[in-house]
4 protein chains.
Amino acid sequence: MTGQQKKGPTATGGAVLRERVTEAITEAAFAELAETGYARLSMEAVARRAGVGKAALYRRWPSKPAMIMDLVRGRVADSLPCIPATGDLHTDLRALLASYRSQLANPLLALIGAELLAESRRDNALAQMLHTEVAAPRRLAALAILQGAIDQGELPPTLDVELATDLLIAPLTFRMVILDEHCDDEYLETLTSAALAALKASVRRP
Amino acid sequence: MTGQQKKGPTATGGAVLRERVTEAITEAAFAELAETGYARLSMEAVARRAGVGKAALYRRWPSKPAMIMDLVRGRVADSLPCIPATGDLHTDLRALLASYRSQLANPLLALIGAELLAESRRDNALAQMLHTEVAAPRRLAALAILQGAIDQGELPPTLDVELATDLLIAPLTFRMVILDEHCDDEYLETLTSAALAALKASVRRP
Amino acid sequence: MTGQQKKGPTATGGAVLRERVTEAITEAAFAELAETGYARLSMEAVARRAGVGKAALYRRWPSKPAMIMDLVRGRVADSLPCIPATGDLHTDLRALLASYRSQLANPLLALIGAELLAESRRDNALAQMLHTEVAAPRRLAALAILQGAIDQGELPPTLDVELATDLLIAPLTFRMVILDEHCDDEYLETLTSAALAALKASVRRP
Amino acid sequence: MTGQQKKGPTATGGAVLRERVTEAITEAAFAELAETGYARLSMEAVARRAGVGKAALYRRWPSKPAMIMDLVRGRVADSLPCIPATGDLHTDLRALLASYRSQLANPLLALIGAELLAESRRDNALAQMLHTEVAAPRRLAALAILQGAIDQGELPPTLDVELATDLLIAPLTFRMVILDEHCDDEYLETLTSAALAALKASVRRP
DNA sequence: TTCTAATCGAGACGGTACGTCCCGTCTTGCC
DNA sequence: GGCAAGACGGGACGTACCGTCTCGATTAGAA
């Protein structure tokens, strides 16, 4: 919960958004998200499920998108960014891909993620949030590993790290998010090797 | 338009869905899709915009998903599958990626595509349609080129064509669909080279 | 059937409203009237029941009220006006009331009658029709008997025949139409006596 | 307003139907009744005219008949029952008839009344309501006067008060409701005299 | 402890859209 | 041309939620 709540004690008299209510709403909202999805989710249903008045929701967030955005931000922040570092490039990249896989395999987050992604094309605030809270930290992990390998001479300094990151991350993401198919360990192993071969053959900035 | 319309003359006189009305609805539906998106699209608004009664919509399709699915199927089928074949592997792959890029760059289809993709996780019929009508034919083009190269000895016969296809298509798709960023010609060129390097380094079936 | 049909053979080619169709519509319309009433009757349902296209109805009548009015006019005209004349005043009046009773006891006509009466307050054409086709001929029978009695000296020539007619007809009509109660023979007998007493006590024009 | 509203404060806070809204609906409903009649009245139009959501209507009444029934019941209950009692039989009966006349002369109630009467033949609940709320109280006034006259010896104890009531009320009602004609004071005076003559000539139970 | 003001549940409020039914008109192809 | 069939634009049905608002009742910090 990182949203816009007024929690601190106010000047006169006692009236603060109650923690228990916020928790009940959060739980109910994720349950509804899982069952009916973002597009069809109704504030009415969340309130009903939480045993709470609708006003309790609108007292905390100005709208449905704002609420969901805030809740998802909180939950995604929890899920680790995961930066392995054994020093061996192949091993580290494989571990990174495995970490991505485990996150993408969470059915609830995959479900909600796809809907938020679609929504983000019409909602710049949402797009911004998704970028800074979700995409950027994850991409950073890959960049860190690649940069480390360059520093140690394992990869050429002319490497286009952006494209290299795409080559690593994209096939896995594509397969799981767009094709909605599972990726087994062999796929991960082969993918790591292939990507590494491409990088070593030198993916250069033009 | 491939849906369930009863167009041909029936046995004993009778009535037939009128072409002009169907066209008006189609046009209005895409305009609404562009403006408000799939999730928020309302049948009422489509009918209003088309200058048509709601019943005219429900006479043609049983529901909103069915209508959109049918309309999108029709439009996507029009947009070419695009199979270049100069014989030169690098050139062909680049041309293929350029063709993909031009389709993904259509803002309306990108917009709708993302929403349909999200929706398809909760609607198997939609998922099936997207696979057979959209994904499969496009993937086929890539597979054809790769298989041709294998047959001519340019690529090893042990190549895992599925993974190879991912390596080719995924980075472009990932960048345009998920990151919503443009890919210039240089990106395409570098990507083609990198992917080709990876393939030649032999992506093998396990 | 006395309405506006074009029945006679027309000048060019053969196109005449077909008798069988008109009959089927008439039958279906009365069946619908009996089941659902005038207000809820739907042209669609009449056409369906008659096994006929809706256009066949609108080719014959311009609207639902016009159709029903025309059909009811035809049927009411059939039901006799009934003018008894034994010469004995008490007997004749009783017979007249019995005749009224039998008509009002027809459940279909009572049902439709009440609805048409209500409708007639908003539809002058209907009101006019009901007056000239239904009310006037029936009232005439009562007036004829009373006038005969005056001519023979049984009733004073100063009798207000309009009010006298009300005194006779109204209680029976009131009881059957408004209270929706049955009137047995004893009621009829007592009513005849009472009305006669009132008349003889001389109901005078002011 | 005697309907099913939940007005009193409920146990645990909550919401209550607001008086102002109910009033706006009532006013709009009678205006619509006057203009378009019961059969053609649409809930949508009432809501529109009242500046109110449709739900506000359905929150108060389950259906159109229930709403109209409730509103009419309320309004009719307001209109006085009117029991004159000077002690003089002729004067009292004339006053009673004048009171009836003034009520039947209300064009709105006459209009609605006819429609409800017609409808009541197909709706037992409505028929019951009309009987107990409208007919019975009015009939009671007449019965009271007649019984008083019997008790004081002005009318014979064998008088059939039911038939006697018909003789009094029916002609006036018949003329105003069925013939839709006005009754002037002279008609009332002559009617009172004639009915009284009939009663004194002794309308007996068989 | 008492005061007091914001939060609580509940749900009514004016709206919009749903998918269905019927209106009265129009269109098609057969007879 | 009449006919059966039924599509057409339109409008009302009764329901579900939207986001706002109005109630008493509850609750917890400040006095």
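From a predicted model like this one, the values you see are computed outputs, not experimental measurements. First the proteins, then the strands, lettered A, B, ... as listed; each starts at 1.
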Rounded interatomic separation in angstrom, taking [atom1] from [X] and [atom2] from [N]:
{"X": "D:Arg18", "N": "F:dT22", "atom1": "CZ", "atom2": "P", "result": "6 Å"}
{"X": "A:Leu57", "N": "E:dG11", "atom1": "CG", "atom2": "C1'", "result": "14 Å"}
{"X": "C:Glu19", "N": "F:dC3", "atom1": "CD", "atom2": "P", "result": "11 Å"}
{"X": "D:Tyr58", "N": "E:dC13", "atom1": "OH", "atom2": "C1'", "result": "17 Å"}
{"X": "C:Trp61", "N": "F:dG2", "atom1": "CH2", "atom2": "C1'", "result": "15 Å"}
{"X": "D:Leu17", "N": "E:dA10", "atom1": "CG", "atom2": "P", "result": "18 Å"}
{"X": "C:Lys64", "N": "E:dT25", "atom1": "NZ", "atom2": "P", "result": "14 Å"}
{"X": "D:Arg60", "N": "E:dG11", "atom1": "CZ", "atom2": "P", "result": "15 Å"}

Lys/Arg N to Asp/Glu carboxylate O, A:Glu35 vs B:Arg122, below 4.0 Å: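 Salt bridge between A:Glu35 and B:Arg122, a charged N being under 4.0 Å from a carboxylate O: no.
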
Whether B:Arg40 and A:Glu119 form a salt bridge (side-chain N of Lys/Arg under 4.0 Å from carboxylate O of Asp/Glu) is what I want to check.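 Counted as a salt bridge, because a side-chain N and a carboxylate O are separated by less than 4.0 Å.
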
Which atoms of nucleotides 14-16 of chain E (N or O only) lie under 3.5 Å from a protein N or O atom, and what are those distances?
from, atom 1, to, atom 2, distance (Å)
E:dG14, OP2, D:Gly53, N, 3.4

Looking at C:Tyr58, is C:Lys64 sitting on its ring face, NZ or CZ under 6.0 Å from the six-membered ring centre and within 45 degrees of the normal?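 Relative to the ring axis of C:Tyr58, which defines the angle, C:Lys64 lies outside at least one limit.
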
So which heavy atom on C:Leu111 is nearest to which on C:Ala34, and how close? CD2-O, 4.0 Å

Of the non-hydrogen atoms in D:Ser120 and D:Ala127, which two are nearest, and what is the gap between them?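 Smallest interatomic distance, heavy atoms only, reads O-CB, 3.5 Å.
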
Side chain of A:Arg75, backbone of A:Leu71: donor and acceptor closer than 3.5 Å? no

Any residue in residues 36-45 of chain A with a heavy atom nearer than 4.0 angstrom to DNA chain F? Just list them by number, or reply none.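 Going residue by residue through residues 36-45 of chain A, the ones with a heavy atom under 4.0 Å of DNA chain F turn out to be A:Leu41, A:Ser42, A:Met43, A:Glu44.
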
Could you go through D:Val46 and D:Arg49, starting from their C-alpha distance and side-chain angles, then the distance that decides it, and tell me whether this counts as side chain to side chain contact (heavy atoms under 4.5 Å, CB included)? CA-CA 5 Å; D:Val46 172; D:Arg49 180 172 220 140; 5.9 Å; no

Beyond-backbone contact of D:Arg121 with C:Glu115, side-chain heavy atoms, under 4.5 angstrom: no

Over 12 non-hydrogen atoms of neighbours within 6.0 angstrom of CD in D:Glu27: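 Check fails, neighbour count at 12 or below.
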
